[in-house]
Amino acid sequence: MFRFVNRWLGLDEDALTGGEVLGINMRNALIQKYNPRHAIERARDKVAAKRALEAAGISCTGTVAVLEDHQQVADFKPSRDMPDAWAIKPARGSQGDGILLAVRREGNTWYKGSGAPLPEDMVMHHIQKVVDGGFSGDSAAEDAALIEPLIIADPALSRIVPEGLPDLRVISLHHTPLMAMVRLPTIESDGKANLHQRAIGAGIDMETGKITRAVVKGTPITHHPDTGVNLIGFEIPGWKRVLELASKCGPAVGLGYCGADIVLDVNDGPLVIEVNAHPGIEIQNICQAGLKSRIAATGEDFR
Amino acid sequence: MIARVGQIWANATPQVRRPFYIGLAVAAVLAVLVGLGVANTETFLALPSTFEGVAASQAIWGLKPSNLLMVLPLGAFLVVLARSFIGLKAFGLFTPMLIALAFLQIGPVLGPVVLCSSVLAGMIVTPTLLKLRMTRVGFLGVLISLIVLVLVGLQQALDTQLQVDAFPVIVCALCVERWWKQWGKDGAKPAAKMALNTFVLALMIEFVMVSDFAMALIEWSPLLMPATTGIAIAILGRYRGLRLSEIGRFAPIWLERRRRAKALAAEALVLPEGVEEDRRKGLPDTRRVPEPVPEPLPEPFPEPLIPPLRLPRRAAYRKPQLAPLHQSHGMVLAAMAGRQRALRGIWVIGSAEELKRRGSPLPAAAPDSEPRARPRLAASGGRAVADWADERAPTRNAWVIRGVEDI
């Protein structure tokens with residue numbers, strides 16, 4: 001009787017009959033099973049996650065400064081402390097809210113990628129707003145501002161996109177990377193690597209690091225619509241290193257099932273930008289493969 | 001058509017079939033219960049003043065106001081079903097259940113009318129309110145007063161006995177807030193879809209709550225309803241299979257794989273050159289082969305936007321002009337000192353003495369995670385930063401030397 005009910009509820013499945021696609025219910029169950037509360041909190045806070053990753057010897061994006069309270073903000077002087085190109089991020093922001101990028105500097109004025117000037121007091125105002133928790137949802141009263149040097153993408157990757165920074169998403173269970181995709185910005189997505197805003201998602205073969213399939217909003221494509229470069233068969237440079245980083249990320253933060261966001265820097269190669277405790281399952285549609293069968297292959301029993 | 005559906009069904013894996021069966025069963029049960037609830041409704045359009053002081057829920061469905069609490073677990077159960085089996089996305093976890101309760105208090109048609117009008121008024125005013133840059137509490141406060149204003153207006157216009165109390169007001173305000181958040185996050189269309197989902201779900205819950213089944217359970221024993229639904233939720237809440245909506249979402253994975261397999265099979269059937277018919281099985285195929293229609297040439301692929309790489313023409317070799325350096329030139333001095341290695345790589349030279357002293361090229365920067373500019377603040381708890389500060393030798397002034405001119 002229990003076996004019967006459990007089978008229909010999807011609780012008692014083996015690798016052969018359990019199907020291959022990971023649904024949101026099963027994903028939530030995996031997160032509940034393997035991602036403890038404190039680890040999720042750590043992953044949500046970019047500064048805490050970065051500290052944990054660096055302690056584990058994982059190469060992350062660099063840090064210029066972390067401003068955690070108003071005292072530190074008052075001591076901070078952009079013209080003295082900031083490099084020529086940087087990114088300001090709220091530690092607990094979500095979906096890229098509150099991220100400010102500067103690409104070059106002239107005197108005490110920086111310029112955004114779009115060419116709009118950013119004078120020093122505007123930068124200070126933005127930092128102030130981040131520390132006030134203006135980008136961190138309504139739950140956090142205060143937040144930390146994380147200032148990083150701007151990442152310049154590997155030329156091999158940046159020549160296939162018109163603008164913006166492509167990033168890799170690798171989903172892994174414990175030490176095993178399961179599935180990977182690269183998100184390529186388009187002009188339509190305004191340089192953002194966000195699949196909802198019509199960026200390209202491209203599935204990567206785990207063994208060779210080559211793109212097997214590219215999708216924009218559910219329609220498969222073969223060439224980048226803006227640059228015309230053929231995407232299928234494109235090999236991600238430094239793929240071995242990407243896999244190595246991805247397999248270390250989850251254990252370093254304390255997460256069992258996680259998605260690592262990795263960028264390819266022009267100088268330093270693959271660097272981790274963020275670790276996600278609730279990675280989405282849309283990657284299955286992009287890679288045209290099921291996550292569940294791959295999880296089952298690692299020996300997971302889904303109980 | 002039916003044969004096609006049958007074929008798809010035969011190819012479906014258990015992973016697809018099971019949620020489908022469960023979804024069908026859930027839908028059937030829900031349809032029966034909603035039908036019972038609708039049949040149980042005495043009147044749809046009566047105004048509350050005709051009920052002679054009896055609460056709307058009792059006059060219309062025979063549900064005592066004191067029993068309104070009893071049907072709440074049933075609403076929760078339906079929300080669980082809709083979320084984890086069907087995959088309906090609604091505002092908040094239990095908002096549909098609360099809306100359904102508000103409908104029960106006001107009436108089957110009047111409830112949606114009252115609620116929709118006040119939520120709509122809130123939605124229209126919200127953009128202006130957001131421009132005032134209030135805190136969340138302030139925003140909700142203004143919203144509540146506005147919704148009360150609309151509700152009181154409706155009460156005056158429709159019927160003074162209309163029962164709108166604190167409960168529907170809060171539900172309305174929460175709905176408006178959720179709507180705006182969703183709009184800001186996903187855009188108008190998904191938000192509108194979600195609002196519609198919420199509304200339909202609330203209507204369904206409303207009618208299931210007043211169906212004969214629920215009434216009988218409540219009348220049997222007040223404990224029966226919470227206990228039954230509690231156990232049912234505990235069993236069904238563990239569901240981990242696919243949601244009904246996910247079958248549609250991931251259908252491309254199964255479909256495209258089948259299409260590819262079919263294409264491969266078709267390719268295998270193509271005969272090798274020189275062979276005119278396939279005699280491998282059965283009788284020779286004697287059908288007339290239609291004259292091949294010349295296919296229009298495929299459109300040439302649009303030129304890539306990146307111009308092809310053009311190599312610069314190599315310039316004729318010219319002998320470099322060597323100019324002797326002056327005796328007091330730094331390089332000459334250094335060379336005469338005989339301890340200077342050839343310039344290679346990047347050198348950091350702080351002063352003239354360092355130029356004479358044998359320096360060493362900077363070690364190539366390892367791909368590390370250290371900050372590239374030293375943080376000048378006791379940031380991030382202080383410790384890590386303090387360590388950095390100790391490790392790094394203070395560099396005074398770095399000159400990057402690439403050629404003789406730079407010196």
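Since the structure is predicted, the reported quantities are computational estimates derived from the model, not experimental observations.
Taking A:Lys77, A:Arg213, A:Met82 one by one and counting their heavy-atom pairs under 4.5 Å with chain B, the maximum is reached by A:Arg213.
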N/O donor-acceptor pairs under 3.5 Å from side chains in residues 80-96 of chain B, not counting sequence neighbours:
residue, atom, partner, partner atom, Å
B:Ser84, OG, B:Val80, O, 3.2
B:Thr95, OG1, B:Phe91, O, 2.8

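Atom CG of residue A:Asp154 and atom CZ of residue A:Arg159 lie 11.0 Å apart, to the nearest 0.5 angstrom.
Both the backbone and the side chain of A:Ile281 come within contact range of chain B, with heavy atoms under 4.5 Å apart. Proximity to chain B (any heavy atom under 4.5 Å) is shown, for A:Gln71, by neither the backbone nor the side chain.
Between the side chain of A:Ser59 and the backbone N or O of A:Val272, no donor-acceptor pair lies under 3.5 Å.
Checked against side-chain contact (heavy atoms from CB on, under 4.5 Å), A:Pro162 has the following partners two or more places apart in sequence or in another chain: A:Ile187, A:His224, A:Asp226, A:Thr227.
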